[in-house]
Engineer: 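Take this structure, written in structure tokens, and hold onto it; I'll ask about it next.
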Amino acid sequence: MLGGGAAGLFCAMEAAKHGRRTLLVEHGPEVGRKILISGGGRCNFTNLDAGPQHFLSENPHFCRSALARYRPADFIALVEAHGIAYHEKTLGQLFCDGPARQIVQMLVTDAAAAGVRIEVGCAVESVEHAGRFRVRTSRGDFESTALVVATGGLSIPKMGATGVGYRIAERFAVPLVPTRPGLVPLLYGAADRARFAELSGVSTPAIVSCRGARFSESVLLTHVGVSGPAVLQASSYYQPGDAIDIDLGAGRDVYADLKERRQAGSKALVASALAAFLPRRLAQVFADLGADSRPLAEQPDSALRAVADAVTRWRLTPEGTAGYDKAEVTCGGVATAALSSKTMEATAVPGLYFIGEVVDVTGWLGGYNFQWAWASAFACAEAIGDRPARAGPARPPAVC
Ligand SMILES: Cc1cc2nc3c(=O)[nH]c(=O)nc-3n(C[C@H](O)[C@H](O)[C@H](O)COP(=O)(O)OP(=O)(O)OC[C@H]3O[C@@H](n4cnc5c(N)ncnc54)[C@H](O)[C@@H]3O)c2cc1C
């Protein structure tokens, strides 16, 4: 098992439960480092509603089989069996009540009980295949009859991301879908930065759209761009050069609302009217985009229309994303067309498996990515478990 993240840990544990001798190799100082920082330190470990519609992939049906065979309820049962308290925050998202380390401890405890050998501080350098897989690492060579690549993507290099999984895929001619940062803040262009940087720290409910995907959650403005759940979700659909559309009215008919207030003879300024549903600083900047300083009652239709459009049809053409340093996930990766959706095995390379984030399956924000890690790992572990381990003379691990 290459990579001691969510998918690797879970797969190692399950494969060992299925009777395979399993070695897990992790180059970081400890396993599960992304789990530790996930969900703001509380690990959003699954989503009650997780289904194929919550994932991006060149083949949106690929994840269906694995997700159907290992469901959120299965992971919840494991969490409950370990006495880990949790709660639903919003939209089916389940978080630990306590620290995320509880999830790592649960996986490590069960993996150890099942007999998994874990090697940390052990970097995978290359993989060869001649009858068996031979993995060259910073701590020597290992051999195995099956090899599971669970080395994640490129997001957050300081947490251990290396992209070695893609190099292994290339080495075995397994095709890749080009990668890009996902669940990532988007950066203003120079003109928007000059106009909106002063709004840094403002957050408000909104609807954000990109390439036909629409997300109704909150938006956070920063000094360099836009972030917050709705933007992060849309960012996974964003391609360089795209515009994103932000409805700061969150579905409200702002034009009708302003006209109604004007008809009622409101002496308020336009910014004050907007402040009924927008943070005051945001209301002021967007009022100034369409109206002058006269009270609402003196504004012509054209000004109210301009303000309403500015608020509800804020179109941003980002300069780009904040990159892999800030991205929660990596979109793209090992092409699903080259893998079995039942087992995660590379169809052209018997014994070679890819699971978790290294695969071109990317979940929305909200516990979906961990559910994919557990489900793809489980599918793989079941497949490996179905195969009797072949004992070699030097007894190399059956699964590396
Ligand atoms: C800040 C943050 C918060 C997140 N919060 C959530 C959340 O709450 N809910 C959710 O569902 N998802 C969340 N995610 C996404 C989730 O963490 C990932 O989708 C998930 O960890 C992917 O699991 P994985 O095992 O495939 O990859 P990873 O967890 O990235 O594990 C890959 C492992 O491989 C190791 N590795 C890499 N290269 C080598 C090498 N050469 N040799 C040996 N080992 C190597 C890495 O060190 C790492 O331990 C979050 C991500 C981030 C960055």
Side-chain angles (χ1 to χ4, degrees), residues 1-13 23-47 50 54-56 72 75 86 89 91-96 100 103-104 107 118-127 135-139 142 148-168 181-185 229 232 236 322 324-331 333-334 344 353-377 380 400:
M1 195 75 47
L2 308 185
L9 266 174
F10 194 71
C11 189
M13 170 188 109
L23 167 68
L24 184 145
V25 172
E26 164 60 47
H27 77 144
E30 62 178 328
V31 290
R33 282 196 294 167
K34 268 195 195 162
I35 300 175
L36 294 177
I37 58 164
S38 67
R42 298 264 185 241
C43 187
N44 178 193
F45 56 80
T46 192
N47 191 297
H54 302 115
F55 293 86
L56 291 84
F75 197 78
Y86 64 91
K89 197 167 173 187
L91 303 170
Q93 301 168 5
L94 300 190
F95 287 76
C96 297
I103 298 292
V104 178
L107 297 173
I118 296 180
E119 292 283 343
V120 293
C122 183
V124 176
E125 288 163 358
S126 62
V127 177
V135 180
R136 180 143 295 165
T137 78
S138 55
R139 307 245 309 257
F142 297 99
V148 182
V149 181
T151 45
L154 297 167
S155 326
I156 323 273
K158 68 172 191 268
M159 296 307 293
T162 63
V164 73
Y166 308 131
R167 292 197 291 280
I168 295 170
L183 300 181
V184 62
L232 297 180
S236 294
Y324 290 114
D325 283 351
K326 304 276 182 212
E328 284 199 13
V329 289
T330 302
C331 300
V334 174
M344 306 295 137
Y353 298 79
F354 293 88
I355 58 171
E357 193 176 320
V358 73
V359 179
D360 170 34
V361 173
T362 305
W364 287 4
L365 190 76
Y368 302 105
N369 284 296
F370 280 140
Q371 188 58 32
W372 169 246
W374 319 134
S376 58
C380 172
C400 185

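Counting convention: from 1, in listed order, for ligands and their atoms alike.
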Engineer: Any nitrogen or oxygen of F370 lying under 3.5 Å from a nitrogen or oxygen in ligand 1? Just yes or no.
Structural biologist: yes
Engineer: Can you tell me the protein heavy atom closest to atom 25 (O) of ligand 1 and the distance?
Structural biologist: A7 N, 2.9 Å
Engineer: Using distance alone, determine whether G39 and ligand 1 share an N or O pair under 3.5 Å.
Structural biologist: yes
Engineer: Is it the side chain (CB and beyond), the backbone, both or neither of S155 that lies under 4.0 Å from ligand 1, heavy atoms counted?
Structural biologist: neither
Engineer: Just go through E357, E30, K326 and tell me whose heavy atom is the nearest to atom 22 (C) of ligand 1.
Structural biologist: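 Among E357, E30, K326, the closest heavy atom to atom 22 (C) of ligand 1 comes from E357.
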Engineer: Pair Q371, N47 - check side chain to side chain contact (heavy atoms under 4.5 Å, CB included), show working.
Structural biologist: CA-CA 7 Å; Q371 188 58 32; N47 191 297; over 6 Å; no
Engineer: Checking the N or O distance criterion of under 3.5 Å, is ligand 1 in contact with E26?
Structural biologist: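 Yes, there is a polar N/O contact under 3.5 Å.
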Engineer: Distance under 4.0 Å to a non-hydrogen atom of V164: what atoms of ligand 1 satisfy this?
Structural biologist: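 That gives atoms 38 (N), 39 (C), 40 (C), 41 (N) of ligand 1.
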Engineer: Measure the distance from atom 34 (O) of ligand 1 to every protein heavy atom, then report the residue, atom name and distance (to 0.1 Å) of the closest one.
Structural biologist: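 Its nearest protein heavy-atom neighbour is G3 CA, 3.3 Å.
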Engineer: Show, in sequence, the C-alpha distance, side-chain angles and deciding distance for L36 and E30, and conclude whether the side chain to side chain contact (heavy atoms under 4.5 Å, CB included) test is met.
Structural biologist: CA-CA 11 Å; L36 294 177; E30 62 178 328; 3.6 Å; yes
Engineer: Which ligand 1 atoms does A123 reach within 4.0 Å, using its non-hydrogen atoms?
Structural biologist: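 Listed by number with element: 42 (N).
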Engineer: Rounded to the nearest 0.5 Å, what's the gap from OH on Y353 to SG on C11? Could you check?
Structural biologist: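 Those atoms lie 9.5 Å apart.
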Engineer: Within the 4.0 Å heavy-atom shell around G160, which atoms of ligand 1 are there?
Structural biologist: 36 (N), 37 (C), 38 (N), 46 (C), 47 (O)
Engineer: What class does the angle between the rings of W374 and F370 fall in, given that below 30° is parallel, 30 to 60° is tilted and above 60° is perpendicular?
Structural biologist: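 W374 vs F370 ring planes: parallel.
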Engineer: Heavy-atom distance under 4.5 Å between the side chains of W364 and L56, does that happen here?
Structural biologist: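 W364 vs L56: side chains touch.
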Engineer: Can any side-chain N or O of H27 pair as donor or acceptor with the backbone N or O of V124 at less than 3.5 Å?
Structural biologist: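 A pair under 3.5 Å: no.
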Engineer: Side-chain donor-acceptor contacts of residues 1-8 below 3.5 Å, not counting sequence neighbours, with atom names and distances?
Structural biologist:
none

Engineer: Starting from atom 30 (O) of ligand 1, locate the nearest protein heavy atom and write down its residue, its atom name and how far away it is, to 0.1 Å.
Structural biologist: K34 NZ, 3.4 Å
Engineer: Once salt bridge (Lys or Arg N to Asp or Glu O under 4.0 Å) is applied, do any residues pair with E119, and if so which ones, sequence neighbours excluded?
Structural biologist: R117, R139
Engineer: Should the proximity of C122 to ligand 1, defined as any heavy atom under 4.0 Å, be assigned to the side chain, the backbone, both, or neither?
Structural biologist: backbone
Engineer: Does I37 have a heavy atom less than 4.0 Å from any atom of ligand 1?
Structural biologist: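 Judged by the 4.0 Å heavy-atom criterion, I37 does count as contacting ligand 1.
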Engineer: If you have a sec, work out which protein heavy atom is nearest atom 43 (C) of ligand 1 and how many Å separate them, to one decimal?
Structural biologist: H27 N, 3.2 Å
Engineer: Under 4.0 Å from a heavy atom of A6: give me the atoms of ligand 1 that qualify, with their elements.
Structural biologist: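 The list of qualifying atoms is 23 (O), 25 (O), 29 (O).
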Engineer: Side chain or backbone, does T162 bring an N or O within less than 3.5 Å of an N or O on ligand 1?
Structural biologist: yes
Engineer: Looking only at protein heavy atoms, which one is nearest to atom 27 (O) of ligand 1, and what is the separation?
Structural biologist: G152 CA, 3.4 Å
Engineer: Donor-acceptor pair, S138 side chain versus A123 backbone, under 3.5 Å?
Structural biologist: yes
Engineer: Using ring pair (Phe, Tyr, Trp, His ring centres under 6.0 Å) as the criterion, point out the one residue from F45, F75, F95 that pairs with Y86.
Structural biologist: F45
Engineer: Flag V124 as yes when one of its N or O atoms lies below 3.5 Å from any N or O atom of ligand 1, and as no otherwise.
Structural biologist: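 Yes; at least one N/O pair falls below 3.5 Å.
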Engineer: Looking only at distances, can you tell me whether any N or O atom of V358, backbone or side chain, sits closer than 3.5 Å to an N or O atom of ligand 1?
Structural biologist: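 N/O-N/O distance under 3.5 Å: no.
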Engineer: Could you tell me which atoms of ligand 1, counted from 1 in the order shown, lie closer than 4.0 angstrom to a heavy atom of I156?
Structural biologist: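 Those atoms are 53 (C).
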Engineer: For side chain to side chain contact (heavy atoms under 4.5 Å, CB included), just list the numbers for E328 and S155, CA-CA rounded to whole Å, side-chain angles, deciding distance to a tenth of an Å, and then say yes or no.
Structural biologist: CA-CA 6 Å; E328 284 199 13; S155 326; over 6 Å; no
Engineer: State the atoms of ligand 1, each with its element, that fall below the 4.0 Å cut-off from a heavy-atom position in A150.
Structural biologist: 32 (C), 33 (C), 34 (O)
Engineer: State whether the side chain of E357 and the backbone N or O of T330 hold a donor-acceptor pair below 3.5 Å, judged by distance alone.
Structural biologist: yes
Engineer: Which heavy atom of the protein is the closest neighbour of atom 28 (P) of ligand 1, given with residue, atom name and distance?
Structural biologist: G5 CA, 4.1 Å
Engineer: Taking 4.0 Å as the limit for heavy-atom contacts, which would you say applies to N44 with ligand 1: side chain only, backbone only, both, or neither?
Structural biologist: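 Both the backbone and the side chain of N44 come within reach of ligand 1.
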Engineer: Quick one: are N369 and L183 in side-chain contact, heavy atoms under 4.5 Å?
Structural biologist: yes
Engineer: List the closest protein heavy-atom neighbour of atom 15 (C) of ligand 1: residue, atom name, distance to the nearest 0.1 Å.
Structural biologist: E328 O, 3.8 Å
Engineer: In terms of atom number and element, which parts of ligand 1 are under 4.0 angstrom from non-hydrogen atoms of G356?
Structural biologist: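 Counting atoms of ligand 1 from 1, those under 4.0 Å from G356 are 26 (O).
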Engineer: Should N44 and S38 count as side-chain neighbours, where that means a heavy-atom distance under 4.5 Å?
Structural biologist: no
Engineer: Checking the N or O distance criterion of under 3.5 Å, is ligand 1 in contact with A161?
Structural biologist: no
Engineer: Heavy-atom contacts with S38 under 4.0 Å: which atoms of ligand 1 show up? List them by number with element.
Structural biologist: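 So the answer, numbered in order with elements, is 3 (C), 4 (C), 5 (N), 6 (C), 7 (C), 8 (O).
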Engineer: Could you check whether the rings of Y368 and F55 sit parallel, tilted or perpendicular, using 30° and 60° as the cut-offs?
Structural biologist: perpendicular
Engineer: So do S376 and V361 actually touch side chain to side chain, heavy atoms under 4.5 Å?
Structural biologist: no
